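Every number for a ligand or one of its atoms is a count from 1 in the order of the listing. In this text, all values refer to a predicted model and were calculated from it rather than measured experimentally.
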Amino acid sequence: MSEELWQSCKEQLMEELNPAEFRQWIEPLNVEFSPENREFTIHTRNRIQLEKIKKDYLERIKNTIATESDRNIGFYLVVRNNTRRATPSSSSPQTTPPLKRKPSAAVTRSSTATGYRSGSGEKNHHASDPRTELNPVYTFENFVEGGANRVAHSAALYVASEPGQQYNPLYIHGSVGLGKTHLLHAIGNKFLSNTPEKNIICINTVHFVRDISKAARHKTFPQLQKFYQQADLLLIDDVQNFSSKEKSQEEFFDLFNFLLSKNSRIVLSSDTYPKQLESIPERLRSRFSSGITVEVEPPQLEMRVNILHSKARLQNVHLNDDVAFFIAENITTNVRELEGALNNVVAYANFIGKSVNMDIARESLKNSIALQNRQISIEHIQKTTADYYQIRLSDIYDRSRKANIVKARHVAMYLSKKLTSNSLQEIGQAFGGRDHTTVIHAERKIKKLIKTNNLIKRELNILEQTLNI
Ligand code: ADP
Ligand code: MG
């Protein structure tokens with residue numbers, strides 16, 4: 001049971017985190033479960049890793065496990081080889097008290113002097129559900145504006161203020177780590193401080209879908225419906241995860257129409273443009289784009305530097321311009337990676353007891369920079385994939401329709417699109433002169449499979465790791 005729990009927690013985190021982050025921090029963890037004491041011991045490689053897990057992932061791990069298990073479970077973080085269960089102190093392994101299982105219904109909240117309370121008339125919903133809490137750090141004040149997100153930022157600000165109903169729904173899209181969740185919470189936080197008496201529901205699509213399936217099983221739909229219908233502001237994160245669960249889509253469609261008709265505000269985030277949400281039926285997609293659609297893009301150098309300064313200020317860390325530029329020039333993918341790189345530098349500086357400087361930045365980012373600078377070629381992907389599935393390299397370009405070969409070919413095309421900067425045409429060419437639409441088809445197919453098939457998820461994980469080493 002323990003293995004399974006940890007496995008499903010990992011799967012959940014794999015969905016939520018970006019692949020590099022997942023690989024760097026979660027994948028290497030060694031986790032032990034003691035059934036007698038009902039506790040997890042998480043072994044980390046070193047103190048830096050321990051601090052990082054404690055700061056950025058422990059809460060998430062606890063919450064994920066708490067939603068999967070109905071028993072109280074304790075968590076202990078230790079540096080590998082240290083004796084377990086050492087007493088907590090600054091130099092010994094971190095320990096945390098056991099967790100209580102949290103109920104899974106969503107929470108409406110409006111603030112009181114002491115914090116959140118549950119929505120009117122819904123006393124059964126506990127205000128402490130961690131998944132629906134607005135993150136108080138994700139505010140507009142902490143959000144750096146720039147060319148890459150200007151429109152999204154101003155639309156979000158508008159929706160959070162009065163009158164605010166004109167752009168309804170607001171649909172924010174962009175790839176991973178570019179601030180969609182941050183903006184969603186910023187809207188919630190601002191709306192809450194402007195109008196504390198109103199109800200806000202902020203929920204991730206995965207949890208929304210889960211709540212609906214649960215309500216269907218327990219025949220508690222009416223309560224759930226009533227609960228969501230009270231929202232004055234509904235924030236739904238990652239709607240690309242709506243999968244093809246019919247029931248949840250119908251429910252959402254009805255809820256959507258209900259809320260729009262009473263002028264409640266709806267904000268959605270997604271990793272794709274509404275039209276590309278393939279598993280979602282057309283009527284829902286067109287509902288999504290019936291208000292305003294805005295995009296967040298990867299930030300340019302100057303904005304990356306601004307973000308680093310802003311994040312350093314939040315941690316009370318002094319960051320020289322040369323260090324900020326060094327990090328920003330080398331970490332170009334997205335803000336989450338940028339922030340992760342800064343955290344690595346700061347953790348390393350703390351670890352050796354110095355303040356942040358160029359040498360420390362160089363040393364602690366050595367690996368991630370090497371990784372980013374490495375160019376992965378289509379050819380390398382084809383060879384690695386063919387090896388992995390034990391087929392001939394030529395099978396990858398030829399026309400064979402044997403199922404295992406087609407699968408390997410699709411995987412290789414998908415990885416070529418994901419890991420190289422080649423165009424669809426170039427990828428098609430490299431696969432025996434195929435048309436670019438074949439590549440699109442392969443990519444879609446694999447993306448769809450990933451959602452339902454754990455085996456392929458694992459295979460891709462291994463392949464990506466192999467390719468990145
Ligand atoms: P997404 O939901 O798009 O995957 P997140 O909102 O989770 O991305 O952002 C990832 C991290 O980057 C968060 O810690 C967030 O605070 C930070 N971030 C993203 N964009 C900005 C920005 N413009 N200013 C400050 N922080 C940002
Ligand atoms: Mg997000």
Side-chain angles (χ1 to χ4, degrees), residues 12-22 24-25 52 55-57 59-60 63-64 130-157 160 170-190 202-208 235-242 267-273 277 293-315 317 319 324 327-328 331-347 368:
Q12 179 75 27
L13 292 174
M14 192 154 85
E15 277 176 24
E16 290 174 8
L17 305 174
N18 75 45
E21 196 182 5
F22 179 82
Q24 185 174 4
W25 298 109
K52 172 77 178 172
K55 185 163 130 322
D56 290 346
Y57 303 113
E59 268 313 295
R60 228 190 249 248
N63 293 341
T64 312
R131 301 163 328 178
T132 57
E133 230 145 69
L134 289 170
N135 184 337
V137 179
Y138 287 170
T139 59
F140 283 112
E141 289 72 32
N142 293 340
F143 190 79
V144 175
E145 192 204 345
N149 61 25
R150 188 154 290 131
V151 179
H153 176 256
S154 51
L157 256 180
L170 168 63
Y171 183 100
I172 305 172
H173 71 103
S175 57
V176 69
L178 296 181
K180 301 181 296 294
T181 299
H182 189 138
L183 273 179
L184 228 63
H185 285 244
I187 295 172
N189 283 316
K190 189 169 166 65
C202 174
I203 192 159
N204 187 288
T205 302
V206 173
H207 297 137
F208 179 79
L235 305 163
I236 300 223
D237 209 358
D238 292 326
V239 294
Q240 75 275 5
N241 292 332
F242 248 112
V267 186
L268 309 156
S269 88
S270 162
D271 66 357
T272 54
Y273 198 70
L277 290 168
T293 298
V294 294
E295 185 171 3
V296 283
E297 290 172 16
Q300 299 303 314
L301 178 66
E302 197 152 299
M303 186 170 158
R304 295 202 296 278
V305 171
N306 292 342
I307 291 173
L308 285 169
H309 280 309
S310 151
K311 298 285 173 193
R313 261 198 310 279
L314 279 178
Q315 298 187 40
V317 169
L319 197 63
I327 303 174
I331 309 290
T332 55
T333 39
N334 65 49
V335 184
R336 187 174 295 157
E337 300 257 344
L338 198 62
E339 202 175 356
L342 174 69
N343 291 342
N344 276 347
V345 174
V346 172
S368 34

For [atom], what's the nearest protein heavy atom and its distance?
atom: atom 13 (C) of ligand 1; answer: Glu339 OE1, 3.3 Å
atom: atom 15 (C) of ligand 1; answer: His182 ND1, 3.4 Å
atom: atom 25 (C) of ligand 1; answer: Asn142 O, 3.4 Å
atom: atom 10 (C) of ligand 1; answer: Arg336 NE, 3.7 Å
atom: atom 26 (N) of ligand 1; answer: Lys311 NZ, 2.9 Å

Evaluate the side-chain proximity of [Y] to [X]: yes if any heavy-atom separation is below 4.5 Å, no if none is.
X: Lys190; Y: Leu157; value: yes
X: His153; Y: Phe140; value: yes
X: Val206; Y: Gln12; value: yes
X: His173; Y: Thr272; value: no
X: Ile172; Y: Leu170; value: yes

Contact check: Thr181 to the Mg ion (ligand 2), N/O/S below 2.8 Å: yes
Leu178 N/O to ligand 1 N/O under 3.5 Å: yes
Would you say Phe143 has any N or O atom under 3.5 Å from an N or O of ligand 1, going by distance alone? no
Looking only at side chains, do Tyr138 and Thr181 share a donor and an acceptor under 3.5 Å apart? no
Side-chain H-bond candidate by donor/acceptor type, Ser269 with Asp237, under 3.5 Å: yes
Sidechain-backbone polar pair: Ser270 side chain, Asp238 backbone, donor-acceptor under 3.5 Å: no
Taking it one step at a time, do Gln315 and Asn343 satisfy side-chain hydrogen bond (donor to acceptor under 3.5 Å, both in side chains)? CA-CA 9 Å; Gln315 298 187 40; Asn343 291 342; 2.8 Å; yes
Relative to the heavy atoms of [X], which atoms of ligand 1 are at a distance of less than 4.0 Å?
X: Gly179; value: 1 (P), 3 (O), 5 (P), 6 (O), 8 (O), 9 (O), 19 (C), 20 (N)
X: Val335; value: 12 (O), 17 (C), 18 (N), 19 (C), 20 (N), 21 (C), 27 (C)
X: Val144; value: 22 (C), 23 (N), 24 (N), 25 (C)

Is the closest heavy-atom distance from [X] to ligand 1 below 4.0 Å?
X: Gly177; result: yes
X: His153; result: no
X: Asp237; result: no

Tyr273 and Thr293: CA distance, side-chain angles, deciding distance, side-chain hydrogen bond (donor to acceptor under 3.5 Å, both in side chains) verdict: CA-CA 8 Å; Tyr273 198 70; Thr293 298; 5.7 Å; no
Any idea which part of Glu145 is under 4.0 Å from ligand 1, heavy-atom wise: side chain, backbone, both or neither? neither
If we set the cut-off at 4.0 Å for heavy atoms, which region of Asn149 has an atom near ligand 1: side chain, backbone, both, or neither? side chain
